[in-house]
Every structure is written in structure tokens, then in C-alpha cells.
Amino acid sequence: MAKIKKKVKTIKVDADKCNGCRGCEIVCSAFHSTPRYSTINPARSRIQIIRHPLKDVWLPIFAGEYTPAECMGREKYVIDGKEYDECTFCRATCPSRDIFKEPDSGLPLKCDMCEDEPPLEQPKCVEWCINDVLVYEEREEEVEESVEMDKVETGLVSMIDKYGLDKVAEAIARISQKD
Amino acid sequence: MRYGETGYNLEIDLATGNIERVETDPKMLETHLGGLGTSVKLHWDRVPADVKPFDDENMLIISSGVLNATPAFSANRTVVTFYSPQSDLLAYPMMGGFFSAELKYAGYDKVIFHNKSPKWVYIWINNDKVEIRDATHLVGRGALETQDLIRMELNQPNAQVAAIGVAGENRCFTASIEQGRSSASRLGGGAIFGDKKIKAVAVRGTKDVNLYNGEAFMKEMKDMMAYINFRNANPIPDVMTILSGIGSPQEMVHTDEKWHTENFMWGNARTRRRGFWDEKIDEEFPRVQREGIKRLISCFNCPQHCGALVAYKDTPRYMAKCFGKLTYMMASYVDSMDFAWKTLQRATEYGVDSFSTPQILAFAVELIEAGIITEKDLKAGPTWSACPTDKEGRFLWLLDRVAHREGIGDVLADGVYYAARAIGNGAEAFDHNTIKRHEQLPLKLGTMDPLYYLMYATNEKISITQIEGNWPQGAFPTMEQREAFVKDWPQLPDDSWKQWLLEWEPRGEKAIPYFPTIDMCCNIVDWMEMLHNIDDACCVCAGMSSFCLKPPYHIHNYPRIISAATGLDLDETSLKKIVNRSRNLHRALNNRRGMSRKDEKPPQDHWKRRFPEIEENLMSAYYTFKGWNQDGVPTKERLHELDLDYVAEDLEKRGLLKDGQD
């Protein structure tokens, strides 16, 4: 497969600076609402603060790939004396937990780095984080070309996982006929 | 579609277990905005004037405000309203944290509690599913402890929980409602929770909150963010550190407490400890404060760091904010930050107000030393040992007795005013720091300050705490400093007021109590309190608005922000009218419960130098300025201007307003 240049977008998380305000969740859900900024709902946010205040855990996690299956095993991390629950560091939208799913439909959410036209200087959560917990970085890498699932396909795959291919195909056929 | 607000309240009858989700009248937003404003209206409409605080009918409302759950910075307060067991008036303690936003995401603006539960319960609100759940297993548990137990029990790590501790269960008049790093503390909301047998309210929400004009709203917030960054990088010069920044007083960040420790009156608001902050304290206190603080934390959508996670030695972890780090220690004269951190943890789990409670305990210590509280009150009881004689042990013993209402603690738990009268034998003379039966900030200064006189005497909050605000607390010594301060001051309602500050001198004819003049004082106080009332309707933290100098929120940007959130067509005049309506309704409600001019007096020793004639003129002028008669009751004309004719009618029927005498 051919090599292509790819822009790698990174958000560096300095979790020790997080004061737990959840401003990132708010602005993410606002930016991704339609029309833009029309609704606020942190449950729709593609960044979630994993919070256990008394354990001193305030950890921003971004929504990653959708996966239909749970992991075969789980890990518990103890870092700097703090025990993190299983799945804390995982970015996947998976059946084992509620986060990174649209609260009404259950469809998976994925951080898109606030891609927009014209492009934003930085993702909204980074802009909104006054305490510099989130820092945006970009670099170029050479990678092998591959086909990435776009948002529609990701959604369809999760629907198929949930309801089965036949039902989804039937629904699409029905909707197509209506149009 | 509703914007800013959700348009629904949750009405819970604790006696019958009936729960209803009730759509609210959109007109209420136009007339009373939300938060405290709409809650006051509900209390006026629904609760008869003669209902006593522990009657079934004493409704308790937990309310969010218009801007909670939106991207409005620091819109995170929750306002709890009820008739206070201490003042017998409508109280509205507020807490920061994360509760109100979660409540709106669950689809409700307010939770309204009616009647009493026959057994201990907690309420679980999860979007449309609302349950009254058994809480007998939580009785006796700490206020903070309970929150985590409920989260675990429900397997809901993201639920926000407001809970009471033992003090609330025992209906202590200074019992607080605790929630994460915050608490609604003043005037006994925890006691009303306890009376209704509500151990806690837990909420989790995953619904949308709508903005009317999101783009315009976000533009306002972007401008505000730039200003917050500017203010954080540029503290105001020439004022004490605690006033130089924005946010609620940054008590967890600042370690230099020379000003507070040396200027407040400690013990039972008794002793000013000049020279307290010596070399030893200057080394020990900041070190132990930092040792105890694991992380600085904020409330919902707030960039500041007013709170802290405290992990001190083997003391169970808790969260703290504001002034409690000093109040127990300084009230007890135990000069140790170690004692402060440990005592605050105990008090937080008990769930008591850290302003009133230390004063009550110090009042008891004075009575012990005066021989009014005697040996028989201090001996061992069925489940407790005798009162130790050392300062530390005695103070903690008294705290334990108060929280459990055991022995002498049962009397003290009603607060200084009622305890003094119950104990008698001269104890009344030791009640020297209450207004309207409520313990005040322990601050007794030299010369009567007319601005503070008005706020102490008349404000609905009955507490100077977080009422002082946008106007500097004292005159700047040099003209250069004054000019620098007024140069960049867009928050002022009127530019001509800058001249007042320029002319204001620390001493002489243009100093307090003569200047600012009575007319200026009326305007300044009304402005600061008006802003407070907007904050309380929106549930924006006063620390980013009415409480601090040159804040991000002010009368000029508030109408645009609220309009963009709600769709109301507001300008400064119409917004002022709404909050004036709310404040006058609140006042009328308290008048209806017996409050009048006779109650509006700071304690006699509040200032060393008093000016009875000026004070009398000041009050009369302020009442007239506000459109109140000389008893402090809003006049028929004033009520008519504010579309409150139904209130005038009610007050007339009760004989509080008389035709031709106003």
C-alpha cells in the first residue's frame, strides 16, 4: 500500500492541572450540537472528565473508536498512589460502560478534533480550558494508506451490532422508499 | 421550546410519596427570571404567612438558575429556600458545586418539597425516573460520607448528591446541606432537610439544555474568557490580597492570612489579635495549609480554584473552601493549622455552618468561663464523657454535643440568640453579634461605615458575607491610586460615580461616616445588591460578579447574556425591574412574617464610634430611596410600579400598609 503524509493531531493532557470544572465537556457538546451552540449536554460530549474527587482523580478522556465487544480482560492501574478503576484510561465506545454514547440513541461518539471549515486553530475543549490542562499539538507522519470508516459507516456498524444486519437493511430500504 | 430554563419543576409530597413533573408558566421567566426570583414567588403564592419553620407546610425548594448548565462561566450555584428556624424569615443559602447543572440536565429547574416523610429517605432523580428511597441505613452517617455511599449504592459515579450530616438529622439551626466541595450553610437548610427526613437528594441527568442564540451567547463568553484571563494575570493593586482577584475568596490558594487573623474579632466575635501573624505563625500556617491541600479544585464550569481537596495526615479526606480553615481555629484560640484542618473535617461531616457554629461554640466557652454554663452542664452523659478542660478538647466536645443535640448542646444547637435566652442568668449579654437572630461575620471596626450599615441592617441575606462587593471596602489613601482604580471600571452603572471614589478620603470630612454621602450610599448599596439578586436568579457565583471588585459579570453585559440564553428581550432597565420586583416581593414576604424597622439594626458594638443621628437618617433615606415606608414595608405605589398590586392588597389586609400613611 502507498505511503501518504498524515497530519497527526494530539491533545496533550496534563491531568495534574485539572481543577475538574468540566468546561471542556460543556463546550464540546455545544460545538457539536445542531445548529451549532444550540444545546448543551455533557453526556453528548466527546471528552469526559473521569471524576473521583476524594481519590484525587480528575482525568480528561477523549472518545475513541467504537467497538462492539468488551475486552477479554481488564486492568487496574495504580499511579502515584492513586488507583484508577478498570477502563478509566480506555477511549473506546464499548458495551461495558455508558460514556461516549449519544444518550437518546446510544450511537457511538468519537472525538473529531472539532474539524471544521475553515479549520479551527485548536479543538474547542483546548480553547476553553483556561488552566492549560489540554494542549494541542500537530505533527506530520508518513503512514500507509488505509480506508477509514467515516462517521456514517461507524454509526451503521454499531446499529448492525445492536439490531442485526437484516433489521438495519430493512429500515434503510423502508426509508429509501419513503423518499 | 424553552431556552435557558428547562420549563419543568419536580414537585414531591414527602407525606404521600406523590411525585409530579410539572410544566412551569413561561410568563414566570419574564416576570421573575428564575432561581431565587421564581422561588420567592412560589413561597409567596403557596406558603401561608403564619407557617412555622418546622410545620409540615414549610415548603423547601432546591433551585437552579437561568444560566446553570449553559456555558456561562461560574454559573454553578444552587439556591435552597425555606423559612429559617433561626430567623423565621425566608432564607436562601446557596451552594456551588455541580448540583444545579445536573438537575437541569435531568430536565428540572427546581425540586419542590412538600410536607414531611414518615421515615428517613433520600431522593434519586435520574432524568424522568424519580424515586423516594429508604435512607434508614444512612442515618448517623457524615454529610460527605453519605454522598459517596449513595453513589456506590446506585452505581452512579456521576450522580451529584446533596446530603445532610448528623447536625441536620438533629435539626440544629446551623445545619448545612453539603454537596461535594460546597454547602448551602446559612440559616439552617440542613435542619429543614432533617425535619422533613430527607437525608440526601441525588441527581443524574443526560438531557439537553437549550440556548436561544448560541452563537451570540458564545461570543459573550469568549469576551468574558479574555477578561478572566486578564484579571487572573493582573490582580488589582493597592487592595488586600484577598480582594485583588476574582472568584470567591481564594482562601485555599492564599496562605498569607495576616489580614483576616489580625483584623477580625475572634472567639465569640470578641478579640482583635493584633500581632498574631508573627514569624512562627508565618512559617507554620502556610506550610501546614499547603501540606493539607492535595489539589485546588473548582465548581462547575469555573476556571478559578476556590476549593481544595484536603488530605491531611490521617484525617479522612474532605473538600474545603473559603473561610472555614480559619473560623474554628480562631474562634477557639487554638493557634494551630493542624487543629484547623482536623476540626473542619469533623464539622463538614456533621454538616454545620462554619460561620455560625464556631461563634456558638466560642459563646459557650465564654459562658463557661463566666460561670453561667456550670459543672452540671459539662459532666458526662449517657454516651459521652465529661468536658475536657483544655481549649482544644473543650471546643471539640462542644461541637460534638451541638451536632448531636446532647446535654447543653441541645440548647446551643438553636444558635446564640435562642441559647442565650434559654440559658438566661446573664447569658443574653454575650449575644452581641446577631442580627435578626443570626450570627454575623466576626468583624467589629472603629468608625461606623454607612455602606456596611445599610447592608448589615437591610439585606435579605441577613449576612454581610458575600454581600460586600463591587465598591472598594475603604478609601484609597492617594489620589494617584484612586485615579488608577477608576481608569478602567466599566462595571459601574454610571460613570459619574467615579467622582465619588476620587473624592473619598480615609480621614476627615470626606471620609466615613460622612462620605460617601447618604444619597451616594443608597445608590451604591442598591447597585451592589441588585447585582447580587441578578446573580441569584441566574445562579451565577457572586465571586465572579457581585462579590468582587471589577468582576466579569456586571449590569452592562448581563442583559445581553440572559437574552442570548433565554430569548427574553432584556435591557438594563427591564432587567433591573425584574430584580426589583423579586427583592420587593421577598421583602414583603418577610414583612408579612413580622419583620420591620425594629429588626434592622446592627449590634451595638459593631463599630466603636457610632453616630445615632446619621444612622437614623441613613435608614430613613434608604427606605425612601427603595420605595418603602418608614417601617420598611414597600409602599403601595412602589408595589404598583413593579406589577405587585396583589402584594399591596395582601399587606393592606394585614394592616401592614395603611392608605394615606405611606
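Excluded from the calculations below are hydrogen atoms, water molecules and symmetry mates; all remaining heavy atoms, backbone and side chain alike, are included. Numbered from 1 within each chain, the chains take letters A, B, ... in sequence-line order.
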Below 4.5 Å from any heavy atom of chain B, which atoms of [X] appear? Answer side chain, backbone, both or neither.
| X | result |
| --- | --- |
| A:I26 | side chain |
| A:N131 | side chain |
| A:E127 | both |
| A:C24 | neither |

Measure the shortest side-chain to side-chain distance between [X] and [Y] over non-hydrogen atoms and say whether it is less than 4.5 angstrom.
| X | Y | answer |
| --- | --- | --- |
| A:T39 | B:V209 | no |
| B:P71 | A:I40 | yes |
| B:P157 | A:R51 | no |

Next item on the list: Heavy atoms only: give me the nearest A:G20-B:S298 pair and the separation to one decimal.
Entry: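 The answer is C-OG, 4.2 Å.
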
Next item on the list: Please name the pair of heavy atoms, one in A:C18 and one in B:R295, separated by the smallest distance, quoted to 0.1 Å.
Entry: O-NH1, 2.7 Å

Neighbour count >12 (heavy atoms, 6.0 Å) for atom [atom1], [X]:
| X | atom1 | result |
| --- | --- | --- |
| B:R231 | CZ | yes |
| A:Y136 | OH | yes |
| A:E140 | CD | yes |

Note to self: Out of B:Q304, B:K207, B:R151, B:R181, return the one with the most heavy atom pairs under 4.5 angstrom to chain A.
What the structure shows: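 Most pairs with chain A among the choices: B:K207.
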
Notebook entry, point to check: Do you know which of B:L211, B:N158, B:D208, B:T206 has the most heavy-atom pairs with chain A at a distance under 4.5 angstrom?
Noted result: B:D208

Notebook entry, point to check: Between A:N19 and B:L296, does a side-chain contact (heavy atoms from CB on, under 4.5 Å) hold up when you go through it step by step?
Noted result: CA-CA 6 Å; A:N19 68 347; B:L296 294 167; over 6 Å; no

Next item on the list: Report, by ascending residue number, the residues of residues 81-100 of chain A in heavy-atom contact with chain B at a distance under 4.5 Å; give 'none' if the set is empty.
Entry: A:K82

Check: Which region of B:I297, side chain (C-beta onward) or backbone (N, CA, C, O), has a non-hydrogen atom less than 4.5 Å from a non-hydrogen atom of chain A, or is it both or neither?
Finding: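 Answer is both: backbone and side chain atoms of B:I297 are under 4.5 Å from chain A.
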
Notebook entry, point to check: Which atoms of B:D148 come close to chain A, meaning under 4.5 Å heavy atom to heavy atom: side chain ones, backbone ones, both, or neither?
Noted result: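 Answer is side chain: those atoms of B:D148 sit under 4.5 Å from chain A.
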
Margin query: Using the side chain to side chain donor-acceptor pair (under 3.5 Å) criterion, which residues pair with B:Q179? Sequence neighbours excluded.
Written below: none

Checklist line | By side chain to side chain contact (heavy atoms under 4.5 Å, CB included) - contacts of B:F73 (at least two apart) | finding: A:W128, A:I130, B:M221, B:M224, B:M225, B:I228, B:N301, B:P303, B:Y553

Note to self: Could you measure the distance from the OG atom of A:S38 to the CE atom of B:M1? Nearest 0.5 Å is fine.
What the structure shows: 8.0 Å

Notebook entry, point to check: Say you draw a straight line from OG1 of B:T70 to OH of A:Y37; how long is it, rounded to the nearest 0.5 Å?
Noted result: 14.0 Å

Next item on the list: Tell me, out of A:K55, A:R44, A:H52, who's got the most heavy-atom pairs with chain B below 4.5 Å.
Entry: A:R44

Margin query: I need the residue from A:R22, A:E25, A:R36, A:K17 with the largest number of non-hydrogen atom pairs under 4.5 Å to chain B.
Written below: A:R22

Item checked: Interface residues of residues 97-109 of chain B facing chain A - non-hydrogen atoms under 4.5 Å apart ->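 Residues B:F98, B:E102, B:Y105 are the ones that qualify, each having a heavy atom under 4.5 Å from chain A.
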
